[in-house]
*Asks:* 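Questions regarding the structure given below will be posed in turn.
Computed from heavy atoms alone, side chains included, the values below leave out hydrogens, waters and symmetry copies.
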Protein chains: 2
Amino acid sequence: MNQEWAAPSKSQHAYLWLKERIAGEELTPGYRLVLASIADELDMSVVPVREAIRRLEAEGLVTFERNVGARVSMIDDTGYRHSMESLAILEGAATALAARHLTADDLRHARELNRRLVESLDDFDPRLFTSVNHAFHSVLFAACQNTRLLALVEAEWVRLGHLRDSTFSFVPGRAQESVREHEVLLDLIETGAPLPDIERAARGHRSATLAAYLSHEHPDGLPAAL
Amino acid sequence: MNQEWAAPSKSQHAYLWLKERIAGEELTPGYRLVLASIADELDMSVVPVREAIRRLEAEGLVTFERNVGARVSMIDDTGYRHSMESLAILEGAATALAARHLTADDLRHARELNRRLVESLDDFDPRLFTSVNHAFHSVLFAACQNTRLLALVEAEWVRLGHLRDSTFSFVPGRAQESVREHEVLLDLIETGAPLPDIERAARGHRSATLAAYLSHEHPDGLPAAL
DNA sequence: GTGGTACGGATCGTATATTATCCCTGGAAG
DNA sequence: CTTCCAGGGATAATATACGATCCGTACCAC
């Protein structure tokens, strides 16, 4: 009597549940993750919860201290900068590798998303903007054939997603600039520009967002090279 | 009465033990990892072993199938190619970011390692070559200030390390070319070449190794773009 | 008042036990 | 000869139980 509706393992369930809460900011950085409480809440024993947390730890979303417990990863400016820089590199490459595989439909979809970004500039909601922004970039790099690279990009987005809600909350002015750069990027792809140009544009786009944040928070800091 | 000798958790111990075995090819790809056997061998219960395996899973070293068990990740050509391509991108960027931070000592050390690579070309041992090769590149990118990027690079090396012993076993001719490219790369760094040039050289170096492998295994395959 | 120490609650770490699932093998039906 | 089904062994998944460790607090000595 096979239950067709598939039984997701409890471990998996706990993993997804936690990840969701972390991404959704219900569990903010520094939040203490107590095994027993979570197990209780999810109506399971602590064993699956432990495994879920181990996986999250390996992904860098939570930090663990022996005999003390887990907490949602704290993010300092350095970590944020490093992650953004890494994402710039990964996403830039993925976008370039995907460029030649984008269909006309994909590009239409991307332009539509960017149009929504433009519209949202009035009555600005950083949360919404970030979400649509992610969708926009996802369209552009999802066609990348290199699944490993894709996984790395997605992992970095998740990492950042829970660390800072949105750079755009901090530097509202960056949003306008951002959507313009999106158009440039789309044009490059559509006209079949050389891949290195596309990569440079995509990387530069994210680096610029990072730079905007850094110069806003630390006006006297040095800009990142490369 | 604090025991100074530190008590590494069993979970940690199992994790390191397995990782070691996998890296050392004692556990080859496809090898079945049975919880009870491992627990027995390490003189512990299955719980810590499960956690260790979960961590390895998150790192991509083992694959897991629900209710079936874990096995050391199989690597197909596609996976290998994707991983190498990703490494090319990551390592290229890390090397460029590290370039300005390398000391004269670092460069001396790197040249010394490359000298050893040259020497080893007679009486060629792919295993040794790969190992020293890793050391060489480690020196070049270790000075990268972006710890996140560094972690990604190292993770990818580990991934590849256990998947294929060495590309150089398959394409011996590549080794000579490789050490020459090392010299070029070192010269670029030493003369303070523009970072994009350094990045391109470092990325191209690894891409070339991948290409050599691919064209050797699949002479009719298409070369990777970018 | 300050420092240290001892106790206790909270929480983690691991072992053991129980249940669920898969896969293989063998036999019977067609 | 092939196909299907049943049963059993192997193994994973989870629950429960117990011991170990940490950390905060209160008490005592000085």
*Asks:* Parallel, tilted or perpendicular for Tyr213(B) and Tyr80(B), by the 30°/60° rule?
*Replies:* perpendicular

*Asks:* If you find the nucleotide of DNA chain D closest to Glu51(A) and the one closest to Val68(A), which residue's nucleotide is nearer the 5' end?
*Replies:* Glu51(A)

*Asks:* Do Ser37(A) and Asp40(A) have a side chain donor and acceptor closer than 3.5 Å?
*Replies:* no

*Asks:* Looking at Glu85(A) and Arg148(B), does any basic side-chain N land under 4.0 Å from a carboxylate oxygen?
*Replies:* no

*Asks:* Going by the side chain to side chain contact (heavy atoms under 4.5 Å, CB included) test, name the single residue among Glu112(A), His134(A), His109(A) that passes it with Val139(A).
*Replies:* His109(A)

*Asks:* Quickly work out the Arg66(A) CZ to dC22(D) C1' distance and round it to whole Å.
*Replies:* 11 Å

*Asks:* Could you tell me whether Arg54(A) and Glu57(A) have a side-chain N and a carboxylate O separated by less than 4.0 Å?
*Replies:* yes

*Asks:* What N/O pairs connect the protein and nucleotides 15-19 of chain D at under 3.5 Å? Give each pair on its own line.
*Replies:*
unit_1, atom_1, unit_2, atom_2, d
dA15(D), OP1, Lys10(A), NZ, 3.0
dA15(D), OP2, Ser45(A), N, 2.5
dA15(D), OP2, Ser45(A), OG, 2.9

*Asks:* For Ile53(A), answer base if it contacts any base atom (sugar-phosphate contacts may also be present), sugar-phosphate if it contacts only those atoms, and nothing otherwise; contact means non-hydrogen atoms under 4.0 Å.
*Replies:* nothing

*Asks:* For DNA chain D, what residues of residues 11-21 of chain A have any heavy atom nearer than 4.0 Å?
*Replies:* Ser11(A)

*Asks:* Going by the rule ring-ring contact (aromatic ring centres under 6.0 Å, His included), which residues pair with His82(A) if we only count those two or more places apart in sequence or in a different chain?
*Replies:* none

*Asks:* Between Ser83(A) and Arg159(A), is any side-chain donor less than 3.5 angstrom from a side-chain acceptor?
*Replies:* yes

*Asks:* Does the plane of the ring in Trp157(B) sit parallel, tilted or perpendicular to the ring in His137(B)? Use 30° and 60° as the thresholds.
*Replies:* tilted

*Asks:* Measure CZ/Arg50(B) against P/dA12(D) and give the value in whole Å, please.
*Replies:* 8 Å

*Asks:* How close or far is atom P of dT14(D) from atom CG of Leu35(A), stated in whole angstroms?
*Replies:* 15 Å

